[in-house]
Every structure is written in structure tokens, then in C-alpha cells.
Amino acid sequence: MKLSDELTTHFRIDTAHVKALKKLGIKTVTDLLYHLPARYEDISDVQSVGGLEKNQDAVVYGQLSGLKTRKAWKSRKPIAEGYVEDGSAKMKIMWFNQPYIAKMYTDGMYVKLAGKVAGSEGKLYLSNPEVEPLDSLPIDRHDSIFKDTEQLDETLYPVYRETKGITSKWIYHTVLKCFEKDILKTLIDPIPAAILKRYNLPELKTALVWIHSPKKAEHAASARKRFAFEEVFYIQVQKAQERAAVSAAQTYSIQSTAAQLKEFTSRFPFSLTKAQSEAIQSITKDFVGNHAMSRLLEGDVGSGKTAVAATTAYTVATSRPPEGLSKSIEYGNLQVAYMAPTEILAKQHFESFIEYFQHLPISIGLITGSGCMKFPSKSDPKKPTKISKAQLTKWIKNGEIPIVIGTHSLIYKSVEFKHLAFVIIDEQHRFGTNQRKQLAKKDARLPHLLSMTATPIPRTLALTIYGDLDITLLDEMPAGRKPVITKVVGPSQSKEMYDHVESELSAGRQAYVICPRIEEPDPDAQTTLTMKSVIAEVKRLKKDVFQNWTIAALHGKMTPAEKEKIMHDFNAHKIDILVATSVVEVGVNVPNATNIIIEGAERFGLAQLHQLRGRVIRGTHQPYCFAVTESKSDKTRDRLKALATAKNGFELAEHDLQFRGGGELYGGKQSGLSDLGMEAIKNLKLVEAARNEARHLVAEHPDLAKDFPLIAEHVSRIGEVLHME
Ligand code: ADP
Ligand code: MG
């Protein structure tokens, strides 16, 4: 047996099952061995039915049969009854006063039962047991490959991700058969032994045995740690390689002086926060060097990322290309491309930039799917003007326009820059860092990259998925902001909430109502459902709650022009209440909107809720957020209450990670991590270790494919997954 062999060469598997296996991503022996258990079930507390005694608290696993309901002989009270059978014996079960039980379960079902043994000797029965249906019975403890050698001190059996036709049990047994065929002898560990030793991780062979067939919980944990490390390590190697490639490329060196920066920022109607000043310093320091910057700026909504973008863009747009690169004397400063995820945001940035730059002889272009603009207009130097795309792209190409703001349209082939030196990407999670490469001309110098995001993610996750970037936090809000008053609203408190919002509207304020996005596997189904709930809510609010106010919907199915109109009207206060989905319009800026109602709050992560409420902290009025939940669970309420106490989004992201786990919040597709990798994200030490080791390895072995072919192969495989998005 070889690792690369298809399973069908060694096991008799019919075509239906081959298909089912394919669904799980299993084709070869390697695939099977790397299909790791999702969790373990501890069956050390399990008793065999045959060994039960009167008055014992019993936990048994078995198959149900003979389920029926009857009336008790004397009292006429209903009784549900049936039998449970395991390999050892069959025993009667009785549920008193729960006649529906017999209808809830069916004969032949596998179950875990927990109840008391009652009755008399020879006529024992299990009384009122709790029932937990199972997909299959636990693997018998005697199945373990350790059966001949050691006594098990705990009885863990692995539970795998299953699919129709392929049970967890089948996977387990097939793995064991592979072990028996001495597959382990052929394994070569891709991770250097020295690294494993440093972190006390088991080598591959041991880890595989321990993870699939642990005799102790510690062994399983240790093996999981190893595979988690391995996964994060490969990602870090890939990121380190990307970093190295960026470092090797030629870039533009941009000089700036403190006095120059001061002159620009002193015109702002506010003074910079310390965090903003530090971010500007880090960036301008990076600009001076010979390596292209790759930096992620993470800051809560409202922390002032645009000012950082504008100030650093200013140093670029006022710099000349290096001698010899530009023959034109008239125009041709270095250029900046600023990409936003939506037209609305691109337009807002354009307007902000006009304010920041209007005193300077610097032109600014706006390019979106629905049209182009340029500032200043020839006729009125205080205003922008509409121009054709052809005209704008011409001016971008000849270098006359140093700052270009836009949406995805910016990366279309027809937009060509003369000296693109700086790329700013707003809301990084919606784009990929790949876009820098797409924006730069093939043989041109590599522009510096600043990615900006308001999505608070835990530090460990940032280090992993943004491992190729340096990270700067804007962890401070501008002074004078009133913190949002946040209330968790249960089903009985909606009147109070609506009364409050009503009084705010009467005082001249505006409000958002956010309806939850409904997770559906089919993206089309998702938008339809989402749209419906927004529209239904608009109807309901108009009819039952806010009869005297203007209410409008904003959602992803609307055309950019329709959205634009709604946003414009909301901004102009022609609309009082905007009902929207959570995903559509990030970062919308209407200072007069100081109330936000978030429906179905329990569906969101805390960090996400925090981001949503960030929309109402833009003005000088006291903002309010209502997190509405139908959930009666104390746990859910308590979790939501953390919103009221946390200092910033990052704190909430860590909270989310510990309480809900990474997988649920930062799902596989978005991050490229498996469930196990997500588990690893809870462990800062592990992530840092993987990152350090990966950076060392890449620095010392530029030709990784030659020195560590196995690692290179694994890395190329994640490359494929991550770039598929
Ligand atoms: P975000 O980080 O969400 O992109 P913005 O850059 O849009 O935040 O800034 C939000 C608002 O805060 C803007 O109106 C901006 O002018 C203002 N602002 C930015 N920095 C400061 C500051 N240091 N002090 C006061 N207001 C600021
Ligand atoms: Mg912003």
C-alpha cells in the first residue's frame, strides 16, 4: 500500500460510496489519513445493558425496538414503552406520563440512554431515560488497535465528518486497516524534526495514530496540536514567501518631512489622535525604504482611517518620479489608487478627499461603474465635474491625475497608471491583496500597499490570514465621541424601544433598522431571502410602528443608481428610517442617524454587531444601539451584554473567538482554514511559533522546493485554495 494509492485499489467500495467519499474530499490513502476526527466521544461511562443492576444510574448505547404507547392498568395514565438492546442484552424501557415519546423515536434507531434502573430482579427496566439519537453506535472499545498491547484507561472514540453512505465508523475502521497494512512505515514527516522537538509536538506517524485512535485524551490533544501547527505553519510559509517576493521587487521611494506632514494635517478641523499620528509615521517610514510596504490598518468604524489615507496619499501625490523615469516636465507626480468596495463609499471618499486637497493643485479622479468625475472642474475650481471614462483614463495614463479613487472598475485593464506608487484598499476583506499585482503594470515598479479594514478580528487570525502584512491598529477613537448606549432588547421590550426611537425622530434624528442576513448555501437564494425580510420589515414598520415617518429600504438587489438615490435622500434627511441588510453598505456616513436597531442580533458575532453600531457614532448627538433578540437563553443575552462593556472591537473579537469559536465566525471559506486550523487560532503561542519558524525557514531556504520539497508541495496546495475566492 502506498500513500498515493486510491482507496479503491485496496478496499471494495462501490461507485455510490466512491462518490460519497469524493464529497468528503477523500480519494487516496493520504486523503483518508488526513480526514481527521472532528471530535471524540468519551464512552468510559458506558455500561453494558446486560450488567445493569437495580437502582443504578445507567448510561447505555443501543438500538430501540418495540416502541408503543399504552394506558397504565390501574391509573389509566399513559405510558410509552419499548426496548433497548446492545451486544450484551435487551432491556425494557418505560416512560411515564410521556406518551409522545414513542412517536418521537422509531424502532431501529441508535440511541444513547441515560436513566435509572427500576423494577424487580428478573423484571428490570430503564425508567424515564433521556434519549439522544445517534448516527451509529460507538465503536466497541475492543476495536482499538491497542487491543493486544495495552489496557485503555480512557475510552475515546473518534467522530468524523460523515456524509450519506459514509459513516464515521466506516472511516475509523478503514483508517485502522491502513495502519495494519503498515502504511505508517512509508510516511515521511514534512516538518523538520528540530521544529517538532522545540514545541514538543509528536512526529507524523505517532500523531496519526494518536489522532485516529487515541488511548488517552492527552495523546489526542497533542496530535491535534501538531496538525493544527502544521496547517498554520504551511499558511505562514506561503505568506512569508509572498513577503519575500514583495521585498525583492523594485518600488518607489517616497520622502517626506515632518514639517510637510504637519502643514497638511494642521488644516484638518480636528487634531489627530495619537494612534493616527503613529500610523502615519509607520507608513511614511516604510515609504522611504527600498522595499514595497505591505501594511494592514485595522481600526473601528469612525477611528479616522480616511485621514490616515489622505495624509499618506498626500506625500505620494506631491512626490516626483525618480530622475530618468519621467521625461515629461509638466505633469507626472507619483500616483495613488484608492479602492473602495462600493460605489457609495468610493463617492464618499472622493468627497472627503476634495475637502482634504482643495487648497492644493492636486487633481482627483473618481471612477466607478456608473460614471467618472474629476476634481477640480475647469469652470469652478471648488467643484468636481462629470467627465467621460475615456478622458479620465487618458489623464490617469499620462500622469496628470495623481489621485484616483474608485471601485472594482479601477482594476479593469483600460485603467493604466503612469507611476502608480501607492495602492490603498478600503475594507480589505472584500478584496484580496492580489489586487495590488493586478493594478501595477507588468514591468512597472511595485506600488506600496495599505489595506484598511474595520473588521475587528482576533490577533491570532490576523497574524495568520494577513501574515504577509505588517499590522497597525487604530485602537483609539477621536476625542469627544459619545460612546453608543447599547441595549439588549428582548421580545417584551420592543414597545419601549420604539417609543425611544420615536422620540429621537421627533427630535430631528434618523435611524437605521438592520435585518439579519439569512445564511443559505445558494447565494441567489440568500439575496432573495434577505431582500424579502428587509421589504417585509419596511411594510410592518410603516403599518404598525412608525406611521408618521418616511421609511425606505436599501439592499443588494437594487441597482447602483437606486441605492445612490436612497443614500442621497437619507443623507438629505428626506428619509427618516433606513431599513437595510447588514452586508450591503459598510461605512455609510450620515452623522444625523444616531439610532440603530439590529434585528436577530443573536445571529451575529459581537465584533460584527460592534461594527454595525459604528454607523451611529459619527455625529455629536448621543447615539443608541438596540440589539434585538428573540432568544430567551440567558447565555445569549449575557453574550450580547458584553457589547455594552467592551472598549473596542478587538476586545469583542477575542470574546467571540473564546465563546463561539473561530469556525462559526470566520468560516473556512473566508479564511482558508479548516476546523482544526480554527481551533489553533485560539492559541496565540502556537500561531506565533508557526509564524516565526516559517519566516526563518523561508529566509534561510530561498529555494524551498529544492530543500524541503514536501513542505513546498503542501504550501502550493493551500495557495490553490486561498486564491480560489
Ligand atoms: P473610518 O475609520 O471608519 O474610515 P473615517 O475616516 O470615515 O472613519 O472618520 C470618521 C469621521 O471622524 C469623519 O467625519 C472624520 O472627519 C472624523 N475624524 C477623523 N479623525 C478625527 C480626529 N482625530 N478627531 C475628530 N474627528 C476625526
Ligand atoms: Mg472608512
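Whatever order the structure lists them in is the order used to number ligands and atoms, beginning at 1.
- Checked against a 6.0 Å centroid threshold, the rings of Phe546 and Tyr498 count as neighbours.
- At a heavy-atom distance under 4.0 Å, no atom of Leu474 approaches ligand 1.
- Heavy atoms of Gly299 come nearer than 4.0 angstrom to ligand 1 in no pair at all.
- Considering only non-hydrogen atoms, atom 3 (O) of ligand 1 lies nearest to Gly302 out of Ser277, Ala307, Gly302.
- Considering only heavy atoms from C-beta on, Leu449 comes within 4.5 Å of Leu469 through its side chain.
- Residues Gln236 and Leu463 approach most closely at NE2-O, 3.1 Å, considering heavy atoms.
- Set against the non-hydrogen atoms of Thr273, the atoms of ligand 1 under 4.0 Å away are 23 (N).
- Of the possible polar contacts, one joining the Lys374 side chain to the Pro376 backbone as a donor-acceptor pair under 3.5 Å is found.
- At a 4.0 Å heavy-atom cut-off, ligand 1 does not touch Met452 at all.
- For the pair Thr306 and ligand 1, the shortest N or O to N or O distance falls below 3.5 Å.
- Among Gly304, Ser352, Ala309, the residue whose heavy atom sits closest to atom 9 (O) of ligand 1 is Gly304.
- Between Tyr314 and Phe357, the ring planes lie tilted relative to each other; the angle falls in the 30° to 60° range.
- For ligand 1, the atoms closer than 4.0 angstrom to any heavy atom of Ser271 are 22 (C), 23 (N), 24 (N).
- With a 4.5 Å cut-off on side-chain heavy atoms, Pro456 and Gln611 count as touching.
- Ligand 1 places these atoms under 4.0 Å from at least one heavy atom of Leu272: 23 (N).
- Relative orientation of the Tyr356 and Phe264 rings is tilted, given thresholds of 30° and 60° on the angle between their planes.
- Contact atoms of ligand 1 toward Asp300: 2 (O) (distance under 4.0 Å to a heavy atom of the residue).
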